[in-house]
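The basis for the numbers below is simple: all heavy atoms, side chains too, and nothing from hydrogens, waters or symmetry mates. Per chain, numbering begins at 1; letters A, B, ... match sequence-line order.
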Amino acid sequence: MKDMQRNWIGRSTGAEVDFKIDGLDKNLRVYTTRPDTLFGATYMVVAPEHELVNEITTPEQFDAVKAYVLGAALKSDLDRTDLAKGKSGVFTGRYAINPINGTKIQIWVADYVLMGYGTGAIMAVPAHDTRDFEFAQTFNIPIICILDPKNAPEEMRNKVLKGEACWTEDGAYINSSNIEVGIEINGLSKEAGIATVTSWLEANNLGKATINYKLRDWLFSRQRYWGEPFPVIHWEDGEVSVLEDSELPLPLPEVEKYMPGETGESPLSNAGDWLIVTDKNGRKGRRETNTMPQWAGSCWYYLRFTDPTNNEEPFSKIAENYWMPVDLYVGGAEHAVLHLLYSRFWHKVLFDLGIVSTNEPFQKLFNQGMILAFAYETASGSKVPSDQVEEREGKYFSTVTGEELHQIVAKMSKSLKNVVNPDDVVTNYGADSLRLFEMFIGPLDATKPWTENGVKGVYNFLRRVVAFFGEKGNIAEGEESKETLKILHQTIRKVSDDVRDMKFNTAVSQMMVFTNHCYKAGKVNHQTAVTFFQVLAPFAPHVAEELWELYGNTSVLSFHPWPVFNEAYLTENTFEYPVSFNGKVRFKIELPVDMPTTEIEKAVLTHDHTDKWIEGKSIAKIIIVTNKIVNVVVK
RNA sequence: GCCCGGGUGGCGGAAUUGGUAGACGCGCUGGACUCAAAAUCCAGUGAUAGCAAUGUCGUGUGGGUUCGAUUCCCACCCCGGGUACCA
């Protein structure tokens with residue numbers, strides 16, 4: 001999860017390097033994480049949107065470049081990434097001077113370089129970068145190897161040295177010195193190479209060490225109508241002010257259309273009169289049109305929850321101190337780089353400002369798995385809404401086109417219309433059954449398709465609980481049996497542990513074990529029954545409360561403390577040892593738990609079945625793990 | 001491509017983290033009840049051989065470590081999710 005956040009933030013360290021443009025009094029600045037490979041730079045690429053494209057392009061190449069830039073602009077982002085398989089680009093006709101060795105290298109325009117990252121321009125080192133290599137091969141650009149892959153297989157190494165293969169891992173520098181300008185990294189390690197070249201660039205004023213992030217905002221940059229408007233006014237004289245506390249909150253204005261403004265501004269720019277404000281001196285101003293869309297507001301809701309009725313401030317220091325940090329954050333993995341990342345960021349800002357008392361907002365994260373559902377797609381892979389699908393003899397067909405479809409498993413979504421409404425389960429089996437089934441279906445963190453196979457199982461369990469404990473004849477007076485007490489207390493322990501570990505499926509199964517035991521035992525006493533109701537209550541609250549009341553209680557069960565298990569009921573006097581020969585279990589033998597190993601050994605060796613397995617062989621060793629297993633090694 | 005998960009009966013899933021593989025549930029089979037069916041209750045249910053006692057095989061595949069491996073190590077195959085020309 002933190003890896004995903006790290007990837008999203010995408011911090012990288014490298015250097016910016018200036019290349020002189022041949023015949024122009026300008027520099028082309030690139031960002032690279034590998035300044036050490038400067039000797040291997042054989043061409044440069046600028047993004048189609050780069051501001052210098054027009055200036056760089058020579059008259060002969062102008063039409064070709066213009067056509068290419070236009071073409072790139074028309075491609076959507078999706079197309080551009082979809083076309084990742086093949087590289088495209090066009091030569092600008094212009095050259096740049098490699099500052100480290102004075103070589104003239106071609107400048108190209110290509111859409112595999114993105115304007116939004118770094119400087120929108122790169123130096124290409126085809127021998128040691130797969131993208132550059134692919135491009136250089138496509139357009140017959142020289143490939144110069146400067147890292148000798150000494151530890152690579154011989155065949156591979158030869159290809160790399162000849163510029164016929166790309167090598168992105170470490171190696172020994174070759175062709176990497178220029179005495180005239182005082183730079184020499186041949187023989188250095190990668191780390192030392194990067195440091196040497198970077199300091200050389202800085203000393204000669206040709207570049208500097210830089211840190212870059214690929215972080216994209218995924219929240220405020222996607223403006224929409226629904227969101228809290230910023231309480232900010234831009235005045236005609238250039239002053240910007242925030243609203244008085246007394247003017248808050250600022251509600252959203254009613255608008256006719258929710259589309260973005262004509263200049264691509266937030267939808268609030270369509271709000272007409274609402275936008276214009278005049279102060280008491282007649283000065284005119286315009287309201288800020290940006291809102292806090294989507295989860296911008298919920299990034300801090302947990303703080304407001306600590307003090308929800310406070311009318312003076314978002315939350316009091318006392319309340320914040322008492323409740324924070326949040327014990328548990330339950331959310332899907334899809335929140336990793338969205339809600340969770342923003343929440344952590346905001347919280348850290350508030351912490352630095354001294355407004356909250358913790359550096360992190362959440363103590364523990366739990367990723368619950370997504371519940372998937374069946375969906376349908378055509379042979380060509382396009383999705384068909386589930387309400388346009390009919391089943392005939394185990395095959396699926398579109399009710400619109402009649403085409404045969406195949407069934408896939410995909411996450412539930414509105415667009416696929418494969419959302420399952422749990423109301424049916426509630427109607428047929430009750431809310432407790434639905435609740436219990438969601439816990440019983442499997443581990444909370446597992447992703448799995450929704451199926452109602454098995455709802456019957458938990459429904460049956462609840463029905464058996466009500467049938468057994470609802471029958472007065474099953475409740476006996478007096479002391480509880482040892483066996484029942486043991487299983488009851490095992491159940492308390494297991495359910496307590498499983499709830500703590502959020503393993504609800506096994507907690508439910510333990511309660512089933514207990515109930516099955518009650519049926520076998522035939523009778524249990526009053527105390528056993530009500531203790532079980534307490535355990536059951538968080539899982540099936542309606543059933544548990546009903547039974548609790550049936551037993552003459554007038555208070556609410558949920559307010560009673562959780563039962564505590566008693567170790568004394570769980571201790572055993574004997575243990576049934578599995579006896580194995582060479583690791584294979586052959587029979588079992590019941591022995592006292594405190595029997596010394598020498599006695600156990602004797603008991604095993606004198607057992608009737610033992611002869612059969614040691615016949616004609618000799619015993620090499622006997623391994624006894626107390627109250628676990630006995631293993632006899634024979635040869 | 002890269003980064004995470006994960007492969008256990010017909011199915012959903014258990015297994016105290018190296019110690020009896022398959023708890024619990026669904027489904028299926030048989031029995032009881034019923035004129036009959038449903039519901040319910042009881043019993044059985046990994047595969048295979050056997051009337052049985054019992055044997056052999058078995059946790060994606062192949063190897064390794066170990067007295068002992070679903071669990072640890074190495075290589076590979078498959079599935080799911082995330083991400084993607086980030087220089």
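The separation of B/rG30 from B/rG81, taken at their P atoms, amounts to 40 Å, rounded to a whole angstrom. Using P as the reference atom, B/rG10 and B/rA47 are 7 Å apart when rounded to the nearest Å. Taking the P atom of each, B/rC26 and B/rG44 are spaced 15 Å apart, rounded to whole Å. For the C1' atoms, the distance from B/rC74 to B/rA21 is 25 Å, rounded to whole Å. Look at the P atom in both B/rG58 and B/rG63: the space between them is 11 Å, to the nearest Å. Atom name C1', nucleotides B/rU61 and B/rC78: the rounded distance is 10 Å, in whole Å. Rounded to whole Å, the C1' atom of B/rC35 lies 27 Å from the corresponding atom of B/rC28. Of the C1' atoms belonging to B/rA69 and B/rG64, the separation is 11 Å, rounded to the nearest Å.
Of the candidates B/rA87, B/rC24, B/rC85, B/rA87 carries the atom nearest the A/Val113 side chain, counting heavy atoms from C-beta on. Closest approach to the A/Asn505 side chain among B/rA14, B/rG19, B/rA43 is made by B/rA14 (side chain taken as heavy atoms from C-beta onward). Taking every side-chain heavy atom of A/Asn460 into account, B/rC26 is the closest of B/rA21, B/rC24, B/rC26. Considering only side-chain atoms of A/Asn631, the nucleotide from B/rG12, B/rG19, B/rA87 that sits closest is B/rG19. Here the side chain of A/Lys520 is nearest to one of B/rG68, B/rA87, B/rA43, namely B/rA43. Candidate nucleotides B/rA15, B/rC67, B/rC42 were compared by shortest atom distance to the side chain of A/Tyr519, and B/rC42 ranks first. For A/Lys621, counting side-chain heavy atoms from C-beta on, the closest listed nucleotide (B/rA87, B/rC67, B/rU20) is B/rC67.
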Quiz item: Under the side chain to side chain contact (heavy atoms under 4.5 Å, CB included) criterion, do A/Ile107 and A/Tyr95 qualify, and how do the steps go?
Solution: CA-CA 5 Å; A/Ile107 305 176; A/Tyr95 293 82; 5.7 Å; no
Quiz item: Given the rule that a pair is Watson-Crick or G-U wobble with both distances under 3.5 Å, how would you write RNA chain B in dot-bracket, using | for pairs to a different strand?
Solution: (((((((..(((......[....)))((((((.......))))))((((....))))..(((((..]....))))))))))))....
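Residue contacts shown for A/Asn212 are absent, as no nucleic acid heavy atom lies under 4.0 Å away. Across all strands shown, A/Arg464 has heavy atoms under 4.0 Å from sugar-phosphate atoms exclusively, and none from any base. Within 4.0 Å of A/Asp132, counting heavy atoms only, lies no atom of the nucleic acid at all. Counting non-hydrogen atoms under 4.0 angstrom, A/Ile623 reaches a base of the nucleic acid. Using a 4.0 Å heavy-atom criterion, one finds that A/Lys612 contacts the sugar-phosphate atoms exclusively. Among the atoms of the strands shown, base atoms are found under 4.0 Å from some heavy atom of A/Lys588. Here A/Val625 lies in heavy-atom contact (under 4.0 Å) with a base. Using a 4.0 Å heavy-atom criterion, one finds that A/Arg493 contacts no nucleic acid atom at all. Residue contacts for A/Asp445: at a heavy-atom cut-off of 4.0 Å it reaches no nucleic acid atom on any strand shown.
Note on A/Lys503: a side-chain N or O is less than 4.0 Å away from OP1 or OP2 of B/rA15. Of the side-chain N and O atoms in A/Tyr117, one or more sit less than 4.0 angstrom from OP1 or OP2 of B/rA87.
Salt-bridge annotation for A/Arg500 and A/Asp497: present, with a side-chain N of the basic residue lying under 4.0 Å from a carboxylate O of the acidic one. Ion pair A/Lys208/A/Glu16 flagged as a salt bridge, since at least one NZ, NE, NH1 or NH2 atom sits closer than 4.0 Å to an Asp/Glu carboxylate oxygen.
The only option from A/Ile122, A/Leu52, A/Asp18 that meets the side chain to side chain contact (heavy atoms under 4.5 Å, CB included) definition with A/Leu28 turns out to be A/Leu52.
Ranked by how close their nearest RNA chain B nucleotide is to the 5' end, A/Lys456 and A/Gly583 are led by A/Lys456. Comparing A/Thr119 and A/Arg586, the nucleotide of RNA chain B nearest to each residue sits closer to the 5' end for A/Arg586.
Rounded to whole angstrom, the span from the CD1 atom of A/Ile441 across to the C1' atom of B/rC24 amounts to 15 Å. For the pair A/Ile629 CD1 and B/rG19 C1', the computed distance is 4 Å after rounding to whole Å. As rounded to whole Å, 13 Å separates atom C1' of B/rA87 from atom CD1 of A/Ile194. Atom pair A/Phe440:CZ and B/rG25:P shows a separation of 7 Å (rounding to whole Å applied). Rounded to an integer number of Å, the gap from CZ of A/Arg11 to P of B/rA87 is 13 Å. Look at CG on A/Asn516: it is 10 Å from P on B/rA43, rounded to the nearest Å. One can place NZ of A/Lys628 at 19 Å from P of B/rC67, the figure rounded to the nearest angstrom. For the pair A/Arg463 CZ and B/rA38 P, the computed distance is 16 Å after rounding to whole Å.
Between A/Phe575 and A/Tyr577, the ring planes lie perpendicular to each other; the angle is over 60°, past the 30° to 60° tilted range.
Of all heavy-atom pairs spanning A/Gly118 and A/Tyr31, the tightest one is CA-CB, 4.1 Å.
Glycosidic conformation of B/rG9: syn, with the torsion inside 90° of 0.
Residues passing the ring pair (Phe, Tyr, Trp, His ring centres under 6.0 Å) test with A/Phe39, sequence neighbours excluded: none.
Side-chain contact of A/Asn212 with A/Tyr117: a donor-acceptor pair under 3.5 Å is absent, judged by distance alone.
In this structure, A/Arg29 forms no cation-pi arrangement with A/Phe19, as its terminal cationic atom is not both closer than 6.0 Å to the ring centre and no more than 45° off the ring axis. A cation-pi arrangement is absent between A/Arg586 and A/Phe581, since the terminal nitrogen or guanidinium carbon is not both under 6.0 Å from the aromatic centre and inside a 45° cone about the axis.
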